[in-house]
Amino acid sequence: MVEVATAVHHRPFFSASSVSGSWSWWSFRRTSSWKNRASASVNISCSLSSKKQTGGGQLLPQKSNNSERKERVFFLDVNPLCYTGSKPSLRSFGYWISLFFSEVTNRDPVIAVLDGERGNEYRRQLLPSYKAHRRKFSASQWFSRNHVGSSHHVITDVLQKCNVPVVRIKGHEADDVVATLVEQVLGKGFRAVIGSPDKDFKQLISEDVQIVMPMPEFGRWSFYTLKHYMAQYNCDPSSDLSLRCIAGDEVDGVPGLQHVAPGFGRKTALKLLKKHGSLENLLNAAAVRTVGKQYAQDALTKHADYLRRNYKVLTLRRDVDVCLQEEWLSERDSCNDAVVLSNFFELLGTEENLNGQKASYFIG
């Protein structure tokens, strides 16, 4: 089942001229409350639309008149933004969204994606330990004693009023929906930028696909490109995915080859992948000839199915039944942002007072 929320709202906007003097990240951090900080952030967003904007890391130019420069489409992986560490937090969502609209992109198209109900089923069937320890996104953890509505509806409402379509597909994780839509966006001649802290998206990186990550330790978003990737891993994205399949991913509950072949470590995996390029190439070579020392050869031939299962689990799918809508590629009308986010933080503050909760002004 596909859920898509795309309503467009037109509301009064707080004029950018109401912000006097120069504005900086430091002045934003010193604002006295989250609501005011969010408002200060989005109040200046329209004035930034004609300038180059940064995500805290790499500088990316705004759309230009150069026909050779591809326009950008942004994707927001919403679920991870709704946590402070492992604790669910609508305040965290508001914080990162307000910064995203003011510091990362103001007018580029943005498509938000939420995890669908039972989104992990496909991977859990392949590997029961997949994300088994993760705390689930639970609406009941927020606003449970009041009548505001579930967190899902609150989040969708905020994004929708900021003219951001929200996509949620039953039986699919947001990662796979984003990967599918990114492929469709590239096919239409756009560049794609994925807003998420999820390392799984690194396998999509290319000249036309970038990531912009929330950096809680610095309180900002930061762009991550193919150049950064190559400098960090010294290999292409497909090779890194193959390495994760062999080394495992403890965070996602994916066991590495060392669990069944203790002598086969990361160093061995790196050496073999550097020579063969990908996991499938390595396994195919090991099936017909010796590719390394005897312990490595035995591990690869004996546990080939184990490694191919890891690859299926960790690879983002591009075949989700979702179709990119033309209206999602239009320039985003950002002039609702200030009012919508100000109202959101005001509502959130009211709910916290009713619940006797103490407001936290900084993520930590």
Side-chain angles (χ1 to χ4, degrees), residues 1-7 74-94 96-97 110-162 164-185 194-201 203-204 214 249 251-254 309 312-325 328 344 348 351:
M1 182 182 71
V2 181
E3 291 181 42
V4 181
T6 59
F74 284 79
F75 292 89
L76 268 177
D77 179 21
V78 176
N79 287 75
L81 305 181
C82 301
Y83 287 84
T84 298
S86 61
K87 182 181 178 181
S89 170
L90 278 178
R91 194 170 288 280
S92 175
F93 163 75
W96 291 115
I97 291 299
V110 179
I111 301 168
V113 183
L114 285 164
D115 286 335
E117 184 182 352
R118 299 196 299 276
N120 287 341
E121 274 191 2
Y122 162 74
R123 290 181 172 88
R124 287 271 175 85
Q125 288 175 1
L126 291 170
L127 183 64
S129 65
Y130 178 72
K131 292 186 178 179
H133 64 288
R134 294 276 188 97
R135 293 182 66 177
K136 291 187 177 181
F137 184 91
S138 173
S140 63
Q141 290 175 287
W142 293 313
F143 304 123
S144 58
R145 285 174 283 180
N146 302 293
H147 303 287
V148 177
S150 72
S151 58
H152 165 66
H153 292 124
V154 171
I155 289 166
T156 299
D157 185 60
V158 168
L159 291 167
Q160 198 173 344
K161 288 176 179 176
C162 289
V164 174
V166 181
V167 182
R168 186 170 182 254
I169 302 182
K170 185 176 181 178
H172 292 281
E173 292 186 88
D175 301 18
D176 296 320
V177 178
V178 170
T180 301
L181 289 173
V182 162
E183 196 161 275
Q184 295 177 27
V185 160
I194 303 167
S196 175
D198 194 336
K199 63 186 178 302
D200 290 338
F201 285 119
Q203 63 190 265
L204 300 180
D249 189 326
V251 175
D252 285 347
V254 180
R309 179 208 61 188
K312 287 183 179 179
V313 170
L314 292 172
T315 301
L316 297 183
R317 299 177 63 180
R318 278 82 157 178
D319 61 350
V320 178
D321 186 16
V322 60
C323 185
L324 186 72
Q325 305 297 309
W328 298 353
F344 169 73
L348 188 59
E351 291 300 321

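Because the structure is a prediction, the values reported are computed rather than measured.
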Passes side-chain contact (heavy atoms from CB on, under 4.5 Å), Val251 versus Lys199? Steps please.
CA-CA 10 Å; Val251 175; Lys199 63 186 178 302; 4.0 Å; yes
Evaluate Leu324 against Ile111 for side-chain contact (heavy atoms from CB on, under 4.5 Å), listing each step before the verdict.
CA-CA 10 Å; Leu324 186 72; Ile111 301 168; 3.8 Å; yes
Under the side-chain contact (heavy atoms from CB on, under 4.5 Å) criterion, do Tyr122 and Arg317 qualify, and how do the steps go?
CA-CA 11 Å; Tyr122 162 74; Arg317 299 177 63 180; 3.5 Å; yes
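Scored by the side-chain hydrogen bond (donor to acceptor under 3.5 Å, both in side chains) test, Asp200 finds Arg244 as partners (sequence neighbours excluded). A search for side-chain contact (heavy atoms from CB on, under 4.5 Å) contacts involving Thr315 returns Gln203, Leu241, Tyr311, Arg318, not counting sequence neighbours. In this structure Arg309 satisfies the side-chain hydrogen bond (donor to acceptor under 3.5 Å, both in side chains) test with no other residue, sequence neighbours excluded. With sequence neighbours excluded, the residues that form a side-chain contact (heavy atoms from CB on, under 4.5 Å) with Gln325 are Cys323, Glu327, Trp328. Residues satisfying the side-chain hydrogen bond (donor to acceptor under 3.5 Å, both in side chains) test with Glu121, not counting sequence neighbours, are Arg118. Residues meeting the side-chain contact (heavy atoms from CB on, under 4.5 Å) test with Ala174, sequence neighbours left out: Asp77, Val113, Asp115.
Atoms CZ and CD1, on Phe201 and Ile194 in that order, are 5.5 Å from each other to the nearest 0.5 Å. Between the CG atom in Asp157 and the NE2 atom in His152 there is a gap of 11.0 Å [rounded to 0.5 Å]. Between the CG atom of Leu316 and the CG atom of Asp198 there is a distance of 7.5 Å, given to the nearest 0.5 Å. Atom CZ of Phe344 sits about 9.5 Å away from atom CG of Leu159, to the nearest 0.5 Å. Atom NZ of Lys312 sits about 12.5 Å away from atom CG of Leu127, to the nearest 0.5 Å. A distance of 14.0 Å separates NZ of Lys170 from CG of Asp321, quoted to the nearest 0.5 Å.
Of all the heavy atoms in Val322 and Gln184, the pair that sits closest is O-NE2, 2.9 Å. Closest approach of Val182 to Phe75, counting heavy atoms only: CG2-CE1, 3.7 Å. Taking every heavy atom of both residues into account, Ser86 and Pro88 meet most closely at O-CD, 3.6 Å. For the pair Pro214 and Ser196, the tightest heavy-atom approach, listed with the atom from each and the gap, is CD-C, 3.7 Å.
Contact check for Thr156 versus Leu114: side-chain heavy atoms found under the 4.5 Å cut-off. You'll find the side chain of Phe93 stays beyond 4.5 Å of the side chain of Val154, heavy atoms only.
No donor-acceptor distance shorter than 3.5 angstrom exists from the side chain of Ser89 to the backbone of Thr84, with no hydrogens or angles considered.
Screening Asp176, Asp252, Asp249, Asp175 for a salt bridge (Lys or Arg N to Asp or Glu O under 4.0 Å) with Arg123, the sole residue that qualifies is Asp176.
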